[in-house]
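These numbers were taken from a predicted model, which means no experiment stands behind them. Numbering of residues begins at 1 and proceeds along the displayed sequence. Atom set for the values below is all heavy atoms of this structure, side chains included, hydrogens, waters and symmetry mates excluded. Counting starts at 1 for both ligands and their atoms, following the listed order.
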Amino acid sequence: MEVFTSSHRIANCMDSIAKLSNDPRVTVRRSGDADPEGRCVVYWMQRAQRGVDNPALDVAIEAANALQKPVVTFFAPVPFYPHANLRHYRFLNEGIADIAGALAKRNIEFVLRSYPNHSLLKFCNDVKPALVVGDENPMREPESWRKKAAMKLRVPLWTVDADVIVPSKLLEKAQYAAHTIRRRLQAVLNNYLIASRNAAAHVSWKKPLHLASLDPEVAITRGWEIDRSVPPVPNWKGGSGEALRLLRDFVQHKLNGYGTQRNKPEVDHTSRLSPYLHFGHISPITVALAVQNANAPKADKEAFLNQAITWRELAVNLVRFHPEYDNIECGEPWAHRTLAKHAKDHRPVLYTERQLENAQTHDQLWNAAQMQMVNTGWMHNYMRMYWAKKILEWSRTPAEAHQIAVKLNDKYELDGRDPNGYAGIAWAIVGKFDRPWFERPIFGQIRYMSGESTGRKFDSKRYIQQNLSEQLF
Ligand SMILES: Cc1cc2nc3c(=O)[nH]c(=O)nc-3n(C[C@H](O)[C@H](O)[C@H](O)COP(=O)(O)OP(=O)(O)OC[C@H]3O[C@@H](n4cnc5c(N)ncnc54)[C@H](O)[C@@H]3O)c2cc1C
């Protein structure tokens, strides 16, 4: 009877584990059975930097509870993340205390390390997990880290698509336009737009005394050789707590009217959640549910969800399925043809990368946008479109324009180095997800934005006053 009960329990546990690994959000990167001798389940936190509403953490907890083992979250930032500088690291750092606090409430131990003591493999050698669960990030470099970990770990590795609403692999291939992905996302949205239960781990972990872990308040960048030329921005504070505060404020005070006000850069009427979504301080599911359930006009809710779901997940789709997502090659064939046809057009105004970076153009509206980005770490969406299109107009070639736009965007925007940035720049410069427009010099059939008509659509004088300052920083 004893034997039957224990084998029955093991069979049940294996069933639960198999069910979890078949969840469309989960990708099994190293297969096999969880090690029965393992002492815990490790959640390898990278992209989803939060202790609540985190599907990757939820999978780790469910697996650990089924295996009757504790969960340990391992987070170890490194100084060599491509194009990250002090501004980005400070924001990331500010989020760590919130992660620690939320994990403690769920009975989960947090091990924080930082370069050069960042190795997941070494950590796993110390704590002997039964299973490692990570999160997903479609970008080239972090994807390569996950592949390496899968090769080197001795236990199964699963990753969970925690920062999208609909698991990105379900789309199967690159999507052509917003209207195509919208249909596919909407068809399955209700299966995935579900609040996390934020369950707790059943088994506590006793951290071995010798196991190193940093204080969550520590400045992780101390001693690192990183780019310190871009200062942190005091008007933004990283972390899940601040993200939730902004979300509440948006739903209460700005969602009503979002549809008509969102394209007015001089008015603060968007959520400003993009840096928090980028660092995983808030889940897109939390954001979408808060808006869906809000007491606000349907048109405003739909306008917001179109950006936060359709356009955001279209950008993730681009990065996941297009290896050239951050250069001009990701453009549409019609766009390449039309830009090539106009390659030799006379370009009456040309600026160098340095002039653009220093906001030294003849166009005050453009300079104000550049200064908003450099000085505050964020630029309004409407100005981002104008900003990128003018870089195309003022550069020697479309390839050079694309490169400069990516470089400046990644350097100064807190939400830079993100699929949304690559998709937005590709949309503006190389027709991605857009259609051919009327033919004109330099742009060919790429959609054009003129300074005059752009400036007439909102109070551009006010925007210039708000952002144009004597100096950068
Ligand atoms: C040239 C260019 C560069 C861009 N670079 C970035 C970038 O580096 N990082 C970034 O997150 N976004 C980028 N965007 C998209 C967009 O401008 C920002 O997401 C938005 O301005 C962020 O402000 P918000 O959070 O207040 O947006 P809200 O209007 O409140 O929208 C809510 C969320 O929806 C998503 N979203 C909104 N607009 C878009 C869009 N056009 N495409 C994809 N997702 C969207 C964002 O996650 C945003 O936080 C870029 C757009 C363009 C045209």
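Taking 4.0 Å as the cut-off, R262 does not count as a neighbour of ligand 1 on heavy-atom distance. Assignment of G416 to the shell around ligand 1 is supported, since a heavy atom sits closer than 4.0 Å. Not a single heavy atom of Y422 lies less than 4.0 angstrom from ligand 1. For the pair F250 and ligand 1, no heavy-atom separation below 4.0 Å is found.
By the 6.0 Å contact criterion, CG on N295 is open, its count of non-hydrogen atoms from other residues, nucleotides or ligands being 12 or less.
Between S274 and ligand 1, an N or O atom pair is found at a separation short of 3.5 Å.
Between H362 and W394, a ring centre-to-centre spacing shorter than 6.0 Å is recorded. For Y276 and F91, the gap between ring centers is short of 6.0 Å.
Under the ring-ring contact (aromatic ring centres under 6.0 Å, His included) criterion, Y463 pairs with no residue at all, not counting sequence neighbours. Under the rule for a salt bridge (charged side-chain N to carboxylate O under 4.0 Å, His left out), the partners of D249 that lie at least two apart in sequence or sit in another chain are K254.
Ion pairing between a basic and an acidic side chain is recognised when a charged N comes within 4.0 Å of a carboxylate O; E413 and R384 show such pairing. Using a cut-off of 4.0 Å between Lys/Arg side-chain N and Asp/Glu carboxylate O, D326 and R140 are scored as salt-bridged.
The option with the heavy atom closest to atom 31 (O) of ligand 1, from among W427, Y258, W311, Y382, is Y258. Comparing I429, N381, I391 by heavy-atom distance to atom 16 (C) of ligand 1, the nearest is N381. Selection from Q307, H380, E413, R384 by nearest heavy atom to atom 45 (C) of ligand 1 gives Q307.
Closest to atom 34 (O) of ligand 1, if we only count protein heavy atoms, is A308 CA, 3.3 Å. If you check which protein heavy atom lies closest to atom 46 (C) of ligand 1, you get N420 ND2, 3.7 Å.
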